[in-house]
S.K.: 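One structure is given below, represented as structure tokens, and several questions about it will come after.
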Amino acid sequence: MIIHEYQGKELMNEVGIPTTKGRVAATPAEAKAIAAEIGKKVAVKAQVHIGGRGKAGGIKLAETPEQAEEAAKAIIGMDIKGLKVNKVLVEECIEIDKEFYLGITLDRDAGTHVIMFSPMGGVDIEEVAVTHPDQIFKCHTHPWLGVQDYEIREMLYKTGLDTKILKQVHMFAKKAFELYRKWDCVLTEINPLAVLKDGRVVAADAKINFDDNATYRHPQLEAMREVAEEDPLERSAKERGLNNYVRLDGEVGIIGNGAGLVMGTLDIVAREGGKPANFLDVGGGANAALVANALGLVLSDPNVKGVLFNIFGGITRGDEVANGIVQGVKQVELKVPLVIRLSGTNEKEGRAILAENGYEVAATMEEAAKKIVALTR
Amino acid sequence: MIIHEYQGKELMNEVGIPTTKGRVAATPAEAKAIAAEIGKKVAVKAQVHIGGRGKAGGIKLAETPEQAEEAAKAIIGMDIKGLKVNKVLVEECIEIDKEFYLGITLDRDAGTHVIMFSPMGGVDIEEVAVTHPDQIFKCHTHPWLGVQDYEIREMLYKTGLDTKILKQVHMFAKKAFELYRKWDCVLTEINPLAVLKDGRVVAADAKINFDDNATYRHPQLEAMREVAEEDPLERSAKERGLNNYVRLDGEVGIIGNGAGLVMGTLDIVAREGGKPANFLDVGGGANAALVANALGLVLSDPNVKGVLFNIFGGITRGDEVANGIVQGVKQVELKVPLVIRLSGTNEKEGRAILAENGYEVAATMEEAAKKIVALTR
Amino acid sequence: MSILINKNSKILVQGITGKEGGFHTRQMIEYGSQIVGGCTPGKGGTTVFDRPVFNTVLEGKNKTGADTSIIFVPAAGAADAVLEAAHAGIKTIVCITEGVPIQDMVPVAAEVKRLGARLIGPNCPGLITPGECKLGIMPAHIFSPGPVGFVSRSGTLTYQAVDELTRNGLGQSTCVGIGGDPVIGTSFLDCVEMFLADPATKALVLIGEIGGGQEEEAARFLEGKDIPCVAMIAGRTAPPGKRMGHAGAIVSGGVGTAQGKVDAFMKAGVPVLDTTQELVAELKKRMATAKV
Amino acid sequence: MSILINKNSKILVQGITGKEGGFHTRQMIEYGSQIVGGCTPGKGGTTVFDRPVFNTVLEGKNKTGADTSIIFVPAAGAADAVLEAAHAGIKTIVCITEGVPIQDMVPVAAEVKRLGARLIGPNCPGLITPGECKLGIMPAHIFSPGPVGFVSRSGTLTYQAVDELTRNGLGQSTCVGIGGDPVIGTSFLDCVEMFLADPATKALVLIGEIGGGQEEEAARFLEGKDIPCVAMIAGRTAPPGKRMGHAGAIVSGGVGTAQGKVDAFMKAGVPVLDTTQELVAELKKRMATAKV
């Protein structure tokens with residue numbers, strides 16, 4: 001789960017991380033009022049779950065409350081890479097002296113969380129990682145004890161930066177890790193961590209992602225979820241209990257069980273010349289109702305010209321899947337071709353149910369992929 | 001640092017541990033109001049930092065708000081083992097079906113915290129530990145990871161109690177440990193953990209002690225410190241920055257540096273036939289001001305008939321101690337004999353200062369002990 | 001021979017009284033796996049399929065001599081179940097459960113390693129030594145005994161490939177599904193090392209996925225080794241993750257892309273195939289050349 | 001010979017730029033201890049008494065080859081300093097700092113043990129191998145080289161007893177003040193075992209205190225050993241703790257009283273004396289009988 005910059009900054013303030021001063025506005029009038037309250041030049045920033053908003057015109061500066069109102073009017077309702085902007089963050093315009101980067105995420109190869117710092121922060125940080133890898137400093141946190149002060153120091157003193165600044169950065173790193181742990185994050189990122197001309201150090205941006213497997217421990221997160229601007233199909237997927245749906249831009253609907261198998265299916269459909277419309281993993285042990293839901297979801301995508309079911313059952317049982325398909329088709333009007341591949345646990349029972357209902361089952365995954373690509377071309 | 005039962009119950013409620021319903025009252029009128037609010041038979045319990053309040057008449061039952069008022073009138077102001085009662089806890093009178101014991105403290109030999117549970121809780125738990133050691137179940141918590149659910153289960157399923165009850169006890173143990181960790185406790189104790197006739201399980205008492213070395217992390221604790229009922233000399237010690245003072249009931253004032261040396265001094269004074277008036281360790285690196293404070297404190301005890309200084313300097317420097325003694329004597333009227341033993345770091349300098357000011361220094365600890373016992377007999 | 005499990009493995013099922021636990025216990029027993037008991041707190045003293053149920057793993061281990069366990073408990077309790085097994089002295093622990101929070105697994109995976117136990121998973125299909133012992137949720141009928149060691153990060157893609165192997169007459173020594181979660185107990189490299197030390201394993205199939213660097217690690221280890229080996233990488237056409245900020249890209253330092261993995265395998269002389277059909281055909285060819 | 005430290009120990013001082021750290025660094029240098037540098041975050045690149053100061057222990061260790069450290073940092077940072085030293089590969093770590101929160105030390109003491117490092121303290125005076133190396137805050141002039149191994153939980157009572165030993169012509173191999181805190185890195189037993197393995201140590205003095213069971217543990221170990229040994233227990237007349245609830249009494253199971261410790265030592269043939277004078281007199285007698 002992801003949240004907006006303004007929500008991330010609220011969580012940061014809660015653990016004591018100073019951020020740029022500001023508040024969120026849903027209307028131009030609110031933006032004006034906040035700008036008046038701040039009482040100086042402000043930045044009006046689109047709150048949208050996608051990068052590159054600056055280049056898309058989603059950030060505007062305003063000298064006066066009236067200008068802030070105008071800016072908000074221009075940004076709210078704007079379409080940025082297919083997402084509609086519903087809110088803007090109005091915050092003090094800052095004069096940046098230096099831009100650092102601070103990020104925390106899991107290092108899967110190390111099996112623990114890693115804090116990363118760079119004195120060369122800002123928009124081009126990924127490029128810095130490639131061109132100046134020696135300017136990315138890492139601190140692998142203790143797997144049992146969590147981050148220790150000495151670990152942060154060992155990272156920071158390698159930068160050669162001034163001690164006074166480092167003591168401040170240390171505090172940011174420690175508190176950001178506290179936030180990361182407390183909220184079961186998979187990402188906590190401050191870029192830029194800005195040293196201002198007036199000497200303050202603040203989080204000028206805030207990007208926080210949560211571990212979807214752990215949101216049950218944080219019921220407060222539900223209130224922070226802003227469904228209005230999510231992709232309607234992805235939202236619909238969640239409502240149907242399908243947590244592993246990603247919309248893509250092709251025309252072959254794909255449903256399978258297991259991330260690997262679904263990825264493999266995407267790969268083979270692509271190789272045969274088709275373009276997948278989505279990634280949808282119904283997971284292990286899917287029952288008929290969920291399978292029916294999955295079918296309904298994929299068919300509700302207007303781009304879909306055909307659906308490929310690829311099931312190889314382990315926990316998932318063939319008969320449940322077959323029943324789900326039959327059920328799902330009954331609930332919608334099936335206007336596109338359906339190709340089914342079904343193997344594994346209770347394969348015979350599943351095939352029998354499908355045969356009874358007049359569906360054919362492809363012998364292999366390759367055959368199924370070829371068939372659906374031919375049918376949707 | 002210790003807190004009262006009512007404060008302990010507040011902290012327990014905060015982490016979700018259910019306790020007997022009730023509130024604290026400082027006046028009989030308040031007690032009456034609380035009893036009326038509870039609306040049934042109540043218990044009025046003295047809030048005092050000492051055990052055995054029940055036997056001393058510090059707990060009374062009351063059928064009506066008027067009786068509760070009467071009971072509070074009797075208890076507030078009462079003297080229990082030398083401590084004055086200032087507040088009472090008025091709480092619902094509970095009908096107990098079973099009494100368990102739950103306690104968490106450090107097991108210094110194991111080097112980690114231990115959760116202890118007994119199905120034979122109640123006032124005689126220490127006797128149970130001696131007569132039925134097999135009825136004390138222990139769970140040594142993981143030194144790095146903190147207590148794990150399986151550790152609690154391994155402890156609880158040994159009791160043979162009913163699973164439904166154990167699941168509730170599990171919750172108490174887990175939350176009590178959360179409280180213990182969160183507040184840097186050295187003791188969290190629920191005795192009895194009461195199974196009521198109406199089926200509820202509640203903490204019917206709450207005893208919480210904090211690690212004095214960690215109170216700096218918990219500024220909220222300061223507000224919970226009730227100095228009014230502490231021993232006035234012990235309170236005065238804290239105000240003077242002397243954290244290792246314990247008042248005893250003899251007449252030989254003892255000041256030394258290092259817990260071991262002070263204990264050794266107590267031992268030898270006792271062996272020579274004297275009775276120590278206090279234990280006072282000025283700690284490592286005491287400066288002159290602190291030593292002067294220590295002398296002032298010990299002399300302010302009306303029982304003290306003489307003072308023995310026993311200093312063997314490591315961090316503590318002899319000249320600082322000597323200056324402190326000289327300074328301390330200037331600040332008070334010295335009416336009792338003073339025996340000084342001074343060795344270790346800057347011993348020569350210290351002895352010179354004392355000689356200049358007309359004090360004699362005993363050659364050995366044994367000689368010093370003999371001298372002060374003779375002078376105070 | 002085989003790795004990790006065989007017909008002598010004595011298995012406890014953690015969560016044996018649950019729906020999935022019960023279903024797969026029956027299937028494992030039918031396969032011939034030596035299930036010696038199960039654990040469910042509060043159900044101690046009962047039996048499931050004539051096997052005793054215990055309240056704790058420690059009790060179960062002490063009373064049955066189990067050395068292996070398989071975990072079907074819900075996600076919120078899975079990390080605790082893993083640690084319980086490791087502390088009780090279980091040596092091989094398979095965690096089937098999916099959806100375990102990352103922050104639960106980070107300390108637990110490290111602690112299990114410290115205790116010298118072997119964790120497979122979580123979020124994995126388990127492992128199987130065909131003809132001897134099934135410790136997982138895979139459909140048994142697609143497996144057959146033979147010389148191919150098999151490691152995979154994906155459950156269902158494993159079935160797909162194993163099915164293909166068996167149809168082509170290539171049996172398996174042991175098949176391990178190491179799981180697709182970001183933090184898992186046993187890596188590709190761990191399995192490859194064990195397979196190379198196993199006399200019964202004469203060829204290898206590796207099924208990887210995009211993300212992380214364990215395929216690369218295993219590939220580097222395989223440089224210069226002369227065992228017939230083929231690989232597949234799922235997710236070559238998957239869109240780059242939309243939501244990982246810069247940190248994901250920086251932490252990996254460019255490692256984890258499909259192309260990077262393909263390059264690493266190619267460098268080690270391990271061909272990377274597009275489909276399971278091609279994978280098995282290539283392996284067959286290589287095994288014939290190597291005369292195994 | 002000696003235990004833990006000698007003239008070759010290469011020492012880093014953690015907190016060298018502080019008041020106490022600086023004072024005792026000078027004293028250690030004057031004694032002849034090989035202080036190779038110090039650490040204070042932010043003071044890297046400066047020097048103290050001509051020794052280089054580093055920002056981190058890791059850097060200090062890498063640049064000086066230090067194998068030993070002594071910690072003078074304030075209580076709030078002491079546990080972190082211990083862990084920093086252990087993770088940097090320092091083998092013997094002395095933590096002088098008093099007032100370290102218990103919950104900081106529980107995980108750190110366990111982790112240091114796991115890493116194979118030796119922690120002495122916290123809240124201790126340190127240790128000294130007379131004539132070779134002083135790694136602590138004890139007044140050096142009371143010590144003298146010789147055959148007596150010395151372990152104590154109390155700082156100042158140690159000085160008292162050592163002073164007595166030296167005045168009576170009994171020098172010391174190594175004197176260790178293990179510290180009085182509830183959680184410490186090195187126990188009585190650890191030291192006794194090391195002393196028994198040290199050819200230069202021919203007699204033992206043990207200074208205990210009430211509370212905990214480590215004196216009893218050491219006493220049990222000494223049963224049947226024939227090294228001349230005497231003990232003292234401070235706190236025999238101390239009032240029982242007012243504030244520990246029932247838990248303190250239950251957890252100890254009756255262990256930790258002065259009488260219990262005396263009984264344990266007596267059972268092992270180790271006399272427990274009342275004063276340091278009597279202690280040294282008795283040791284002298286026993287050493288004469290044993291002809292050491």
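Values reported hereafter were calculated over all heavy atoms of this structure, with side chains retained and with hydrogens, waters and symmetry mates removed.
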S.K.: Against chain B, label Val100(D) side chain, backbone, both or neither, depending on which of its atoms sit under 4.5 Å from a heavy atom there.
M.R.: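 When you check distances to chain B, only backbone atoms of Val100(D) fall under 4.5 Å.
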S.K.: So which residue, Pro143(B), Ala214(B), Gly256(B), Gly258(B), ends up with the most heavy-atom pairs under 4.5 Å with chain D?
M.R.: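 Most heavy-atom pairs under 4.5 Å with chain D: Pro143(B).
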S.K.: So which of Ala258(D), Gly155(D), Gly99(D) has the biggest tally of heavy-atom pairs under 4.5 Å with chain B?
M.R.: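 Between Ala258(D), Gly155(D), Gly99(D), the count favours Gly99(D).
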S.K.: Answer yes or no: is there a donor N or O on one side and an acceptor on the other, between the side chain of Glu164(D) and the main chain of Thr276(D), under 3.5 Å?
M.R.: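 No: the side chain of Glu164(D) does not pair with the backbone of Thr276(D).
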S.K.: Mind telling me whether His218(B) and Trp183(B) have parallel, tilted or perpendicular rings, with 30° and 60° as the class edges?
M.R.: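 Correct class here is tilted.
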S.K.: With only heavy atoms counted, which part of Gln103(D) is less than 4.5 Å from chain B, the side chain, the backbone, both or neither?
M.R.: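 Gln103(D) touches chain B through backbone and side-chain heavy atoms alike.
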S.K.: Quick one: does NZ or CZ of Arg220(D) land under 6.0 Å from the six-membered ring centre of Phe265(D), within 45 degrees of the ring axis?
M.R.: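 Not satisfied by the 6.0 Å and 45° rule.
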S.K.: Under a 4.5 Å cutoff for heavy-atom pairs, which residue among Arg114(D), Gln160(D), Lys113(D), Met138(D) has the most contacts with chain B?
M.R.: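 Most heavy-atom pairs under 4.5 Å with chain B: Gln160(D).
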S.K.: Could you state the interatomic distance from CD (Glu84(D)) to CD1 (Ile93(D)), rounded to the nearest 0.5 Å?
M.R.: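 The distance works out to 10.0 Å.
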S.K.: Quick one: what part of Glu217(D) sits under 4.5 Å from any heavy atom of chain B, side chain, backbone, both or neither?
M.R.: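 For Glu217(D), there is no contact with chain B at all, as no heavy atom is under 4.5 Å.
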S.K.: Report which part of Asp109(B) has an atom under 4.5 Å of a heavy atom belonging to chain D: side chain, backbone, both, or neither.
M.R.: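 Contact with chain D involves the side chain of Asp109(B) alone.
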S.K.: Can you tell which part of Ile233(D) gets under 4.5 Å to a heavy atom of chain B, answering side chain, backbone, both or neither?
M.R.: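 Only the backbone of Ile233(D) comes within 4.5 Å of chain B.
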S.K.: For Ser118(B), which atoms come within 4.5 Å of any heavy atom of chain D: side chain, backbone, both, or neither?
M.R.: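 Neither part.
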S.K.: Report yes if some heavy atom in the side chain of Phe137(B) is under 4.5 Å from a heavy atom in the side chain of Met116(B); otherwise report no.
M.R.: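 No, their side chains stay 4.5 Å or more apart.
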S.K.: Heavy-atom pairs under 4.5 Å with chain B - which of Ala76(D), Ser187(D), Ala109(D), Ser152(D) has more of them than the others?
M.R.: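 Looking at each of Ala76(D), Ser187(D), Ala109(D), Ser152(D) in turn, Ala76(D) comes out on top.
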S.K.: So which of Val106(D), Ile102(D), Asp104(D), Ile184(D) has the largest heavy-atom pair count under 4.5 angstrom toward chain B?
M.R.: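 Option with the top pair count is Val106(D).
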S.K.: Distance alone, cut at 3.5 Å: any donor-acceptor contact between the side chains of Asn257(B) and Thr156(D)?
M.R.: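 Note: Asn257(B) and Thr156(D) side chains miss the donor-acceptor criterion.
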S.K.: Check whether the side chains of His113(B) and Asp107(B) place a donor and an acceptor atom closer than 3.5 Å, and report yes or no.
M.R.: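 Per modelled atom types, His113(B) and Asp107(B) side chains form no pair under 3.5 Å.
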S.K.: Examine distances only and state if a side-chain atom of Gln172(D) and a backbone atom of Thr129(D) form a donor-acceptor pair shorter than 3.5 Å.
M.R.: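 Pair absent, no side-chain N/O of Gln172(D) close to backbone of Thr129(D).
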S.K.: Counting only non-hydrogen atoms closer than 4.5 Å, does Asp211(B) touch chain D with its backbone (N, CA, C, O), its side chain (CB onward), both, or neither?
M.R.: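 Side chain only.
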S.K.: Taking Gly180(D), Pro101(D), Gly136(D) one by one, which has the highest count of heavy-atom pairs under 4.5 Å against chain B?
M.R.: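 Among Gly180(D), Pro101(D), Gly136(D), the one with the most close pairs to chain B is Pro101(D).
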S.K.: Dump the intermediate steps for salt bridge (charged side-chain N to carboxylate O under 4.0 Å, His left out) on Lys207(B) and Glu5(B), then the final yes or no.
M.R.: CA-CA 6 Å; Lys207(B) 196 169 176 63; Glu5(B) 175 192 6; over 6 Å; no
S.K.: Relative to chain D, which of Thr364(B), Asn213(B), Ile311(B), Thr265(B) shows the most heavy atom pairs under 4.5 Å?
M.R.: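 Most heavy-atom pairs under 4.5 Å with chain D: Asn213(B).
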S.K.: Could you tell me which portion of Leu106(B) (side chain, backbone, both or neither) has an atom closer than 4.5 angstrom to a non-hydrogen atom of chain D?
M.R.: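 Contact with chain D involves both backbone and side-chain atoms of Leu106(B).
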S.K.: Is it the backbone or the side chain of Tyr216(B) that comes under 4.5 Å from a heavy atom of chain D, or both, or neither?
M.R.: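 For Tyr216(B), the contact with chain D is made by the side chain alone.
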S.K.: Can you list, pair by pair, the side-chain donor-acceptor contacts under 3.5 Å of residues 118-128 of chain D, counting residues two or more places apart and other chains?
M.R.:
from      : atom 1 : to        : atom 2 : distance (Å)
Arg118(D) : NH1    : Thr186(D) : OG1    : 3.2
Arg118(D) : NH1    : Asp190(D) : OD2    : 3.4
Asn123(D) : ND2    : Asp181(D) : OD1    : 2.7

S.K.: Given that the side chain runs from C-beta out, which part of Ile142(D) has a heavy atom under 4.5 Å from chain B: side chain, backbone, both or neither?
M.R.: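 Looking at Ile142(D), just its side chain touches chain B.
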S.K.: With a 4.5 angstrom heavy-atom cut-off, is it the side chain or the backbone of Arg181(B) that approaches chain D, or both, or neither?
M.R.: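 Both backbone and side chain.
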S.K.: Among Pro182(D), Ser154(D), Ala110(D), Ala234(D), single out the residue with the greatest number of heavy-atom pairs under 4.5 Å to chain B.
M.R.: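 Ranked by contacts with chain B, first place is Pro182(D).
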S.K.: Side chains of Asn278(B) and Arg247(B) only: does a donor on one sit below 3.5 Å from an acceptor on the other?
M.R.: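 The criterion, which ignores hydrogens and geometry beyond distance, is not satisfied for Arg247(B) and Asn278(B).
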S.K.: Would Glu347(B) and Arg351(B) satisfy salt bridge (charged side-chain N to carboxylate O under 4.0 Å, His left out), going step by step from the backbone distance to the final call?
M.R.: CA-CA 6 Å; Glu347(B) 171 181 336; Arg351(B) 283 175 183 248; 3.5 Å; yes
